[in-house]
Amino acid sequence: MRRLIFQEYVTLDGYAAGPDGGLEFFDSIADGGDADDDNLQLLESIDTMLLGAETYKLFASYWPTDASADQPVAPKLNSLRLVVVSTRLESAPWGSYEPGLVVRDLDAVRALKAEDTGKDIILWGSIMLFQSLLQAGLVDEVQLRICPILLGAGKSAFPDSDSPVQLELIEARPWADGGVLVRYRPTS
């Protein structure tokens, strides 16, 4: 079975976006270096990118365009198979690249994971989708890229739930710029 890896940049206090939805805190570590090196290495084991509708729209406005040309991960990211989970989108164009497949529900994600061939699946952003997938037991790894900044308020990366999700630490690695990569495996 293919693994589903959720990866998210978060602040030290666990926010995936500021109170206004802003992502400016990414700048504290997302300037090349260790974060890019780690992603390039990770992308060798990935062949499918899973996104929710809102993150898809954000990504589609940047990654398959000339604006991303100086980003080291752009060629690899643009070559991934794209799957968008949405009940509203009819199509998922990706610039001049192969358009994405739009699926409607978690059963489609379950089927994607169960495919006999293929590498791992990466879920970037898409917080609401992540929370649903985590509660359904479909997430195999939670990978956080912790930025050395405290926002005090914003959009949490993690679900509000009456039933805690237990995690087992796989790896914790500091970066030269003050960020930290942490990887966990859900155990419950």
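Residue indices begin at 1 and follow the sequence shown.
For Ser156 (side chain) and Phe158 (main-chain N/O), a donor-acceptor pair under 3.5 Å exists by modelled atom type.
A distance of 11.0 Å separates CD1 of Ile5 from OG1 of Thr48, quoted to the nearest 0.5 Å. In this structure, the separation between CZ on Arg3 and CG on Leu138 is 14.5 Å, given to the nearest 0.5 Å. Taking OG of Ser126 as the reference point, atom CG of Leu58 lies at 9.5 Å (rounded to 0.5 Å). Note that CG of Leu129 and OG of Ser86 are 10.5 Å apart. Values are rounded to the nearest 0.5 Å. Atom CE of Met49 is separated from atom CD of Gln7 by 12.0 Å, given to the nearest 0.5 angstrom. Residue Leu43 holds its CG atom at 6.0 Å from CG of Leu80, rounded to the nearest 0.5 Å.
When side chains are defined from C-beta on, Leu82 does not count as touching Tyr97, because their heavy atoms never get closer than 4.5 Å. Side-chain contact between Val73 and Leu40 is present, with at least one heavy-atom pair separated by less than 4.5 Å. The shortest side-chain heavy-atom distance between Phe130 and Val142 falls under the 4.5 Å cut-off. The shortest side-chain heavy-atom distance between Ile121 and Glu115 does not fall under the 4.5 Å cut-off. Side-chain contact between Gln71 and Leu77 is absent, with no heavy-atom pair separated by less than 4.5 Å. The side-chain heavy atoms of Asp107 and Arg110, taken from C-beta on, include a pair separated by under 4.5 Å.
At a threshold of 4.5 Å between side-chain heavy atoms, the hydrophobic network of Ile, Leu, Val, Met, Phe, Trp and Tyr places Val139 and Leu123 in one connected group. Transitive grouping of hydrophobic side chains (ILVMFWY, heavy atoms separated by less than 4.5 Å) keeps Val84 and Met128 in distinct clusters. Put simply, Leu133 and Phe6 are part of the same group of oily side chains (I, L, V, M, F, W, Y) that touch within less than 4.5 Å, one to the next. In the hydrophobic clustering of ILVMFWY residues, with side-chain heavy atoms under 4.5 Å counting as a link, Leu169 and Leu144 come out together. Placement of Tyr56 and Trp63 within a single hydrophobic cluster is found when ILVMFWY residues are connected by side-chain heavy-atom separations under 4.5 Å, directly or transitively.
Closest approach of Ala108 and Val103 over heavy atoms only: CB-CB, 3.5 Å. In plain terms, the two heavy atoms of Lys119 and Arg2 that are nearest each other are O-NE, 2.6 Å. Contact record, Lys76 with Ser79: O-OG, 2.8 Å, taken as the closest heavy-atom pair. Between Ile170 and Tyr184, the shortest heavy-atom distance links the atoms CD1-C, 3.7 Å. Contact detail for Ile127 and Lys155: the closest heavy-atom pair is CB-CE, 4.1 Å. Heavy-atom minimum distance, Ile46 versus Leu42: CG1-O, 3.4 Å.
The environment of Glu171 atom CD is dense: over 12 non-hydrogen atoms of other residues, nucleotides or ligands sit within 6.0 angstrom. Within 6.0 Å of CG on Asp66 lie no more than 12 heavy atoms contributed by other residues, nucleotides or ligands.
Of the candidates Arg173, Gln143, Arg145, Asp38 forms a side chain to side chain donor-acceptor pair (under 3.5 Å) with just one, namely Arg173.
Salt bridge annotation for Glu8-Arg183: absent, with no cationic side-chain nitrogen under 4.0 angstrom from a carboxylate oxygen.
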